[in-house]
Participant: 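The structure that follows is given in the form of structure tokens.
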Amino acid sequence: MVTSGITVVNKMAKLSSDELALFPLKNIDSVVKLFKIHIEKNHEPNLAILSIILGYIENTLTCSRVAESSDSVPHVTACDKEVHWQENNSTKIPAVEYTFVEALYQRFLSIIKAHVDVASFGNPKYASRELVKRVSDVVWCTLSSSYYKDRAHLQSIYSYMTGAKLDSSGTTLAVVAACQALGYNDVHLALSEDHTWVVCGANQQTSVEVTWHGKGNEDKRGIPVTFNVYDKSWLYVNGRPVICDRYMEVASMISSMNPGISASTDSEEVLILQQALLWLMYDANHIAKYPMAIANLGDLEETAPSLGRPSPISLYQEAIVSNVTHYSNHHVYPYTCLAGYCYRNALYKQALQAWAKAAAVIKHYNYSRDDEEIYKEFLDIANELIPHIMRVVSSGIEAHSILKDPECFALLLQFYDGICLWEEGSATPVLHIGWAKCLVNTMAKFDAEVRSRLKITCGHDDSGDENGTDDEEHCKGRRHSPAHPQQDQNGNTQSGLAVAPHVELNSAKMRGLRHLLLADKLNSQAVSLQLTAQSQVKVRQKRSSAAATSQGPAELENSSNRPKRGRRD
């Protein structure tokens, strides 16, 4: 008996004659033309076929080159700049034959046909959680059991069909593509900044876990992502994920392409293709609600600017606007991407501003063991990048440009205030002595005169600080103390005093530092003790549900390796 699901599979639209005429795909321009025709002609772009094509190109241009000499293949490194790539690019790629793509596509469909009987679920009009779980079970059971799941280049259906290997985000994509093949066009990707799951139903009101995160939680498949799961969770962006339509799912495939041949070498062709395809999706307005795709395009433009296109910094700012507009400013990476660009281009004050804003986002979450990637990102910022800036601006032509600016000191405090608020109410501490040492060393770079020019106010104190009035008066007295003319970074006397920059501290730890911050001489030991105190325990005692599930301190991270931005799992 042929199920209705299989009937739908047999009616799945294949590539049009215009698209077939482009095969074999021999250069980047032909691939871009294929994608352009396909997304313009179809309300339901064929996810499986497009993923197979991208996966074949990526794997051929990266995995097969690992053993080759770096001098024998086109590549780019972090030092390559100011290389202008044209959008209509004739760069050659390994030929993609349609018969090969079709064979892999039919193999994918056959797996779905053989293992999913839609009739057994009552032929629902919209996909149910049970049906989606069944599809995810099929994908899981057909994966190889012996491979390292966090390896690169495993996010495509090509990898699934040729090696039975998928990473976490690739598994979710395969589930969505399989549901599309079964005729369920209501099943879509939900993307956070480090995790993926599925939504379905008439209004995407049903959420379903279909993959793992971190070390693996197979038993979560089929479980809904409820308020109790996503509340204050960065992993689930507090219930504000990117809910994709089909075009955004195509953009997700493109954005997740990995050009890496080795740790230091990227495939030039993959970078060019990814950049050209992201511009295609950008021009069609398909990534306006996808902040990380816009930010990834900014990264590509920094390496190789396209003539007549927006600057990288404009794209990062556009990603931030998208985040604020569509996701209530709950995504962190748009800010860290902008900050990274400013850091690499010696725009240090702008980098501090963006990092402070990133911390202002993370403060709305509670830290958990699932947040390893964003933890490493902030740890690297605090313990590597900011200290490097302080070393650079302490001597040479950059001397004192930041260290004489009280606004930069305010930004530093805002950054740490956000980190401390992230820790408050969490079952696992964030800050340890490594954080404290770097903060003390950085603070010490700002002399007392600069720190005294800062207006510091404190948010409400849950403990009912009896000295709050005295502290405020102390702040007021110190911030008005400078009465002599100030000099700029070049030693020129300013005609008048600027308005004192203001910073409000809201975390318990940073509020407790307010006396020390304005002291003529920093008490390093007192600052370290305050910063590493387990103040989050007090907050957790007020939340019985959190207290009941509290865990011991997590193993402290010492790695300074930054996560790939926009990569999930």
Side-chain angles (χ1 to χ4, degrees), residues 352 355-356 359 363 378-379 381-391 393-394 400 402-424 429-482 500-539 553 556:
L352 290 174
W355 283 326
K363 73 180 183 183
F378 280 115
L379 182 67
I381 292 165
N383 292 10
E384 299 291 336
L385 305 186
I386 291 178
H388 175 75
I389 290 175
M390 297 300 120
R391 288 191 295 269
V393 301
S394 295
H400 310 308
I402 282 179
L403 300 181
K404 294 299 183 182
D405 187 345
E407 289 185 357
C408 291
F409 187 62
L411 293 170
L412 179 70
L413 299 185
Q414 288 173 344
F415 172 77
Y416 277 96
D417 194 45
I419 300 298
C420 291
L421 285 168
W422 184 30
E423 183 182 66
E424 287 186 10
V430 173
L431 300 163
H432 54 76
I433 190 61
W435 290 81
K437 286 181 178 179
C438 287
L439 174 59
V440 169
N441 292 337
T442 300
M443 282 183 176
K445 299 288 186 180
F446 295 86
D447 61 39
E449 187 277 326
V450 174
R451 288 184 278 112
S452 70
R453 291 161 56 194
L454 185 63
K455 176 183 177 182
I456 299 179
T457 58
C458 304
H460 66 280
D461 191 336
D462 293 337
S463 64
D465 190 350
E466 296 177 356
N467 298 319
T469 301
D470 292 338
D471 293 334
E472 178 62 16
E473 290 302 316
H474 172 72
C475 294
K476 288 179 180 178
R478 290 304 304 268
R479 66 176 173 261
H480 291 305
S481 61
H502 167 255
V503 59
E504 180 179 278
L505 301 179
N506 292 288
S507 66
K509 287 186 175 181
M510 293 302 291
R511 291 199 310 265
L513 287 175
R514 55 191 178 271
H515 292 299
L516 302 172
L517 297 173
L518 298 173
D520 290 334
K521 185 177 180 180
L522 283 174
N523 186 330
S524 300
Q525 184 177 10
V527 172
S528 295
L529 287 173
Q530 173 66 18
L531 203 65
T532 56
Q534 302 304 310
S535 63
Q536 79 278 3
V537 174
K538 177 186 70 175
V539 180
L556 298 178

Participant: Check side chain to side chain contact (heavy atoms under 4.5 Å, CB included) between L529 and all other residues, then give those that pass, not counting sequence neighbours.
Facilitator: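 Here the qualifying residues are Q525.
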
Participant: Can you check whether R451 reaches R453 side chain to side chain, under 4.5 Å on heavy atoms?
Facilitator: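 Side chain of R451 against side chain of R453, heavy atoms only: no contact under 4.5 Å found.
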
Participant: Looking at K404 and D447, is there a salt bridge between them, counting it only when a charged N and a carboxylate O are closer than 4.0 Å?
Facilitator: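 Looking at K404 together with D447, the answer is yes, because their closest N to O distance falls below 4.0 Å.
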
Participant: Test side chain to side chain contact (heavy atoms under 4.5 Å, CB included) on M390 and L403 and set out the steps.
Facilitator: CA-CA 8 Å; M390 297 300 120; L403 300 181; 3.6 Å; yes

Participant: For residues T457 and K455, determine if any side-chain heavy atom of one lies less than 4.5 Å from a side-chain heavy atom of the other.
Facilitator: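 Result yes, sub-4.5 Å side-chain heavy-atom pair found.
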
Participant: Quick one: pull up CZ in F415 and CG in L439 and give me the separation to the nearest 0.5 Å.
Facilitator: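 The distance works out to 10.0 Å.
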
Participant: Would a distance-only check, ignoring hydrogens and angles, find a side-chain to backbone donor-acceptor pair under 3.5 Å from K363 to L421?
Facilitator: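 Pair absent, no side-chain N/O of K363 close to backbone of L421.
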
Participant: Would you check if L413 and F409 make a side-chain contact, meaning some heavy-atom pair closer than 4.5 Å?
Facilitator: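 L413 reaches F409 side chain to side chain.
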
Participant: To the nearest 0.5 Å, how far apart are CG in D520 and CD in E449?
Facilitator: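 D520 CG to E449 CD: 11.0 Å, rounded to 0.5 Å.
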
Participant: Under the criterion side chain to side chain contact (heavy atoms under 4.5 Å, CB included), I'd like the reasoning laid out for Y416 against S507: C-alpha separation, chi angles, the key distance, then a yes or no.
Facilitator: CA-CA 9 Å; Y416 277 96; S507 66; over 6 Å; no

Participant: I'd like to check P406 versus F446 (side-chain heavy atoms, cut-off strictly below 4.5 Å). Are they in contact?
Facilitator: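 No, every pair of side-chain atoms sits at 4.5 Å or beyond.
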
Participant: Taking the side chain from R511 and the backbone from C458, do they hold a donor-acceptor pair closer than 3.5 Å?
Facilitator: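 No; zero donor-acceptor contacts below 3.5 Å.
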
Participant: Just so I know, are the side chains of T532 and W435 near enough to count as touching, which here means a heavy-atom distance under 4.5 Å?
Facilitator: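 T532 vs W435: side chains apart.
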
Participant: So, E407 side chain and P501 main chain: donor-acceptor pair closer than 3.5 Å or not?
Facilitator: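 No: the side chain of E407 does not pair with the backbone of P501.
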
Participant: For a quick test of reading the model, state the closest non-hydrogen atom pair linking V430 to E423 and the distance between them.
Facilitator: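 Minimum heavy-atom separation between V430 and E423: N-OE2, 2.8 Å.
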
